[in-house]
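Notes to accompany the following structure.
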Amino acid sequence: MSHYADNPDAIRALVQDKQVHRDVYTSPEIFRLEMKHIFANSWVFVGHESQTPNKGDYFATSIGDQPVIQVRHTNGDINVLLNRCPHKGTKIVIDRQGNTGKFFRCPYHAWSFKTDGCLLAIPLKKGYEGTGLEETQNGKGMKAVGAVQNYRGFIFARLADEGISFEEFFGESLSSFDNMVDRSPAGKLEIMGPPLRYMHKCNWKMLVENQTDTCHPMVAHESSAGTAVKLYEELGLPADAPKPPAMEIIAPFMSPYEMFEDMGIRTWPNGHGHTGVHHSIHSNYSAIPGYFEAMCETYGEEKAKQILGENRHNTVYFPNVMIKGPIQTLRLFIPLAADKTLVESYIYRLVDAPDELTARTAMYNRMINAPTSIVGHDDLEMYERAQEGLAVDGLEWVNIQRLYEDDEDFDTEAVENGTTERQMRNQFHAWVKFMTMDMDPKAAPAREAAE
Amino acid sequence: MTVTKDDLIDFIYEEVRMLDEGRYDEWLALWLPDGHYWMPLDYKQTDPLNVTSLMYEDIFMLKLRVERLNGARTFSQKPKSRCHHVIQRPFVDEMNAEAGTFVTTTFMHYVETRLDEQQLLALTARHEISLVDGKLRIANKRVDIVNCDAAFGNIQLLP
């Protein structure tokens, strides 16, 4: 029986100031409602424009549980269409990417559609004459999402036809995307290869929360980062000798609590936030010859220093994406079920920057984000243990009160101590907002009566 | 020492046995110091550096990986994983006796298990082998998983 549908009071009751009820992670009904409300009403990341550079290029992905296609239209625009034939429901494309030419053609009955979704042709169309097909939703063509925005190459979509604007949804948080793109002397990023795809048997929000959880690296990752430091010390290399790459990438995870406290956390309205306001684990990477010079040529020395001096750690965009500006990485937490999440980790090249930067980004991705990563292994272990542990009855709340302050206002930007859980609270504040914004309490009793 | 085809084939069999029996110190000793263990992410991937791989690890990383397995706070290895290889007879693709360099290709099935989970991966391993001071050593190893682009949970040991 349904308890939460069209019941905003029941949804609000799941999120208190300092704790959230386990149902937000474990309930299949809550998961279905998240797909229907949060993923429909917010702006969700789809892909990068360089994944579909030419007319007819497409890329298949999903927004929440909705299969979608990012496609480059004949006029050069990028459209996002729902991946289903309006006729019988067949997915129009099944491969992850390709080129469809000037139109999509359903492989089942050869209905065809322009790359903006409009119906182009139906074989033996006279069979529909006088039947009123053109008046139906099915007769119009492939359904498009409600709105699409290309922000500096990154494609976002809102499924709902009406709702919050892109600018209002993201506000100042777009500064993290700006910094990532500005790091290219050409002001442009380009996708590099396919993403890592890592399956997690846990709720998608556990992964999102972990991105700003600064009290876990030195604990959960002691076995990888701590062992790296130990092995390096045993080598007895002189201090000025080049360090093994693993030391540069993995060892900073062992940084002491003070480092993480001092780095700071910033939160923005609508559930966005980032760690590493003042510095981060990415601050001390070695300089790559020629890069700073190329940046100065584009921006001038002062601006170049300003761009490269901003070393934000993880920026979380509500609901389900995280970027690392200093190493041009994007992680997408794709919800599959209340207890199943697919993580895709993408990397981008800084156009007109030395290749060594791309190589470092690729190295970071495989060392930290891969299913074969000795860092990822311990994270996954924690999430899956949490998902199983939440079954315990009589202790049904998850604690998020670290550095809680009375009267926190999530509608204004704030900078706090780097170990606060304020960003987790900020996400749940947004979670309630987008979950309940189009619920209809009047529908609930009527529906239950009908059952 | 004259290296025969059988020497190379025995070498490959011995290597997977070391991995399956967890004799990692012996396994690390097979490697030349500048070798890399490469596991591509993409089918027929050619570039290990500028696009993502599942693994592209130097000896420091491999030592770290092995050392970590025995750590007191290696949470994802409590309890430990186990693995098992079933291999076809290796193909000897290149034999350059003069240079002491050899290349083999081996098809195998790899099983990794922990708790109630068990996964099966089909692999192609390509070994570059060198004869150094009378001993065969691994110069480089490339492991292609047949469904490399699929979504995986943890792969914790060495396929």
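Note on naming: letters A, B, ... go to the chains in the order of the sequence lines (proteins, then strands), and numbering restarts at 1 for each one.
Ranked by heavy-atom pairs under 4.5 Å with chain A, the list B/Gln77, B/Lys78, B/Arg65 is led by B/Arg65. Highest contact tally toward chain A, considering only B/Pro159, B/Ala150, B/Cys148, is held by B/Ala150 [criterion: heavy-atom pairs under 4.5 Å].
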Stepwise, does the side-chain contact (heavy atoms from CB on, under 4.5 Å) test hold for B/Phe152 with A/Arg197? CA-CA 7 Å; B/Phe152 297 114; A/Arg197 303 177 70 242; over 6 Å; no
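Looking at A/Tyr232, the atoms closer than 4.5 Å to chain B (heavy atoms on both sides) sit in the backbone and in the side chain alike. In this structure, chain A has a heavy atom under 4.5 Å from the side chain of B/Asp58, while its backbone stays farther away. Looking at B/Leu54, both its backbone and its side chain come within 4.5 Å of chain A, counting heavy atoms on both sides. Looking at B/Pro48, the atoms closer than 4.5 Å to chain A (heavy atoms on both sides) all sit in the backbone: N, CA, C or O. With a 4.5 angstrom heavy-atom cutoff, A/Leu231 touches chain B via backbone and side-chain atoms both. Of the two parts of A/Arg96, only the side chain, counted from C-beta on, holds a non-hydrogen atom closer than 4.5 Å to a non-hydrogen atom of chain B. Interface remark: A/Ile374 contributes backbone and side-chain atoms alike to the contact with chain B (heavy atom separation under 4.5 Å). If you measure heavy-atom distances from A/Leu342 to chain B, the contacts under 4.5 Å come from the side chain alone. For a residue to count as touching a neighbouring chain, one of its non-hydrogen atoms must lie under 4.5 Å from one of that chain's; by this rule A/Leu235 touches chain B with the side chain only. The part of B/Met61 that comes within reach of chain A is its side chain, from C-beta onward, which places non-hydrogen atoms under 4.5 angstrom from that chain. Contact of A/Leu357 with chain B is not made at all, since no heavy-atom distance falls under 4.5 Å. In this structure, the portion of A/Arg385 lying under 4.5 Å from any heavy atom of chain B is its side chain and not its backbone.
Separating the CZ atom in A/Arg360 from the CG atom in B/Leu49 is a distance of 14.0 Å, to the nearest 0.5 Å. Note: B/Thr52 OG1 to A/Met367 CE = 12.5 Å, rounded to the nearest 0.5 Å.
Heavy-atom minimum distance, A/Pro371 versus B/Gly153: CB-O, 3.2 Å.
Taking the charged nitrogens against the carboxylate oxygens, B/Glu67 and A/Lys230 do have a contact shorter than 4.0 Å, which makes a salt bridge. B/Lys63 has no carboxylate O lying under 4.0 Å from a charged side-chain N of A/Glu234, or vice versa, which leaves the two without a salt bridge.
Taking the side chain as every heavy atom from C-beta outward, A/Glu222 and B/Phe75 never approach each other to under 4.5 Å. When side chains are defined from C-beta on, A/Pro194 counts as touching B/Asp42, because their heavy atoms get closer than 4.5 Å. A/Lys201 places a side-chain heavy atom less than 4.5 Å from the side chain of B/Glu117.
Between the side chains of B/Arg68 and A/Ser223, at least one donor N or O lies within less than 3.5 Å of an accepting N or O. No hydrogens or angles considered: nothing links the side chains of B/Asn50 and A/Thr358 as a donor-acceptor pair under 3.5 Å.
Judged by distance alone, with hydrogens and angles left aside, the side-chain atoms of A/His377 form a donor-acceptor pair with the main-chain N or O of B/Ile155 at under 3.5 Å.
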